[in-house]
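Working notes, structure below.
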Amino acid sequence: MKFLRGLIGYTIAGMIVMAVWGELGAFGIFGGYLAALIIIGPMWFMNHFVNLTGNEDDAAFVDMGLAIGICGIMRDTFINGTDSLVSSLPTIGLVFVGAVLGGIVAAAVEKSMASETEVDELAPEPGMTGKELDRLVETD
């Protein structure tokens with residue numbers, strides 16, 4: 001059931017964005033803000049606040065961007081044929097490379113933050129760095 005709820009929530013988000021976003025683009029930058037308010041805000045509320053998609057609080061999740069991107073690619077493929085899908089493959093490849101690099105950087109940042117938290121918990125006084133703590137442990 002969780003899969004079906006996620007499928008419904010992300011499909012609704014993708015289809016509404018693909019149907020309405022282009023029309024709001026005629027208003028320029030204001031149209032972007034209007035689209036965020038009218039489209040993305042309610043879709044985020046439905047999928048994440050109401051938790052239609054079933055995201056766990058302590059788990060990473062794929063956000064609506066992937067669903068909206070797939071919906072856009074498939075819409076153009078159905079309308080214009082497979083040539084539009086083939087022409088988008090280099091961009092899709094670069095998006096995957098960026099996602100992998102972003103994941104690596106996020107893991108490195110999280111690891112660094114966890115080690116700083118560990119040092120803070122072990123330090124006898126606030127603001128003590130890891131090197132200072134090591135020196136203190138060596139002298140004991």
Side-chain angles (χ1 to χ4, degrees):
M1 191 61 166
K2 182 178 175 182
F3 175 78
L4 183 62
R5 285 190 348 240
L7 182 69
I8 291 169
Y10 289 137
T11 300
I12 290 170
M15 293 184 70
I16 289 177
V17 166
M18 289 301 124
V20 179
W21 196 283
E23 301 299 322
L24 293 174
F27 297 108
I29 294 174
F30 177 71
Y33 288 115
L34 197 59
L37 183 68
I38 293 173
I39 304 169
I40 301 302
M43 293 301 103
W44 184 91
F45 180 81
M46 176 184 72
N47 285 329
H48 298 301
F49 187 77
V50 175
N51 204 14
L52 180 66
T53 56
N55 295 319
E56 303 295 328
D57 288 338
D58 60 345
F61 57 91
V62 176
D63 206 358
M64 295 185 308
L66 179 63
I68 293 167
I70 289 173
C71 185
I73 290 168
M74 296 315 296
R75 179 195 66 167
D76 288 347
T77 301
F78 293 143
I79 292 172
N80 301 322
T82 56
D83 291 339
S84 62
L85 176 64
V86 171
S87 67
S88 67
L89 289 178
T91 303
I92 294 169
L94 289 175
V95 167
F96 282 132
V97 169
V100 169
L101 292 175
I104 291 170
V105 169
V109 167
E110 188 173 314
K111 184 177 178 182
S112 172
M113 290 172 64
S115 67
E116 288 174 5
T117 303
E118 183 179 301
V119 168
D120 289 343
E121 290 173 357
L122 296 175
E125 61 183 71
M128 184 175 278
T129 64
K131 289 182 181 180
E132 291 171 340
L133 183 61
D134 290 341
R135 277 191 254 139
L136 183 64
V137 170
E138 289 174 4
T139 59
D140 286 342

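Residue indices begin at 1 and follow the sequence shown.
- Within the model, atoms CG of L101 and CZ of F96 stand 13.5 Å from one another, a figure rounded to the nearest 0.5 Å.
- Evaluation of the ring pair (Phe, Tyr, Trp, His ring centres under 6.0 Å) rule for Y33 yields no partner, not counting sequence neighbours.
- L66 and F3 are not part of a single hydrophobic cluster, where members link through side-chain heavy atoms under 4.5 Å apart.
- Interatomic distance, L7 CG to T53 OG1, rounded to the nearest 0.5 Å: 11.5 Å.
- Contact detail for D76 and S84: the closest heavy-atom pair is O-OG, 3.1 Å.
- Placement of F78 and V86 in two distinct hydrophobic clusters is found when ILVMFWY residues are connected by side-chain heavy-atom separations under 4.5 Å, directly or transitively.
- Ring-plane geometry between H48 and W44 is classed as tilted, the angle between the planes lying from 30 to 60 degrees on a 0 to 90 degree scale.
- Clustering ILVMFWY residues whenever any of their side-chain heavy atoms sit less than 4.5 angstrom apart, transitively, puts M18 in a cluster other than the one holding L37.
- Using a 4.5 Å cut-off between side-chain heavy atoms of Ile, Leu, Val, Met, Phe, Trp and Tyr, with links allowed through other members, V95 and M64 fall into different hydrophobic clusters.
- Counting non-hydrogen atoms of neighbouring residues, nucleotides and ligands closer than 6.0 angstrom, the CD1 atom of I29 reaches no more than 12 such neighbours.
- Applying the side-chain contact (heavy atoms from CB on, under 4.5 Å) test between L52 and each of K2, M46, M43 identifies M46 as the sole match.
- Residues L4 and M1 meet the side-chain proximity criterion, which asks for heavy atoms closer than 4.5 Å.
- Considering CG of L24 and CZ of F30, their distance stands at 9.0 Å, rounded to 0.5 Å.
- The distance from atom CD1 of I40 to atom CD1 of I68, rounded to the nearest 0.5 Å, is 4.5 Å.
- Rounded to the nearest 0.5 Å, atoms CD1 (I92) and CG (L85) are 6.0 Å apart.
- Cluster membership check: Y10 shares its hydrophobic cluster with F49, using side-chain heavy-atom separations under 4.5 Å among Ile, Leu, Val, Met, Phe, Trp and Tyr.
- Counting non-hydrogen atoms of other residues, nucleotides and ligands closer than 6.0 Å to CE of M15 gives a total of 12 or fewer.
- The CZ atom of R75 sits 10.0 Å away from the OG1 atom of T77 when rounded to the nearest 0.5 Å.
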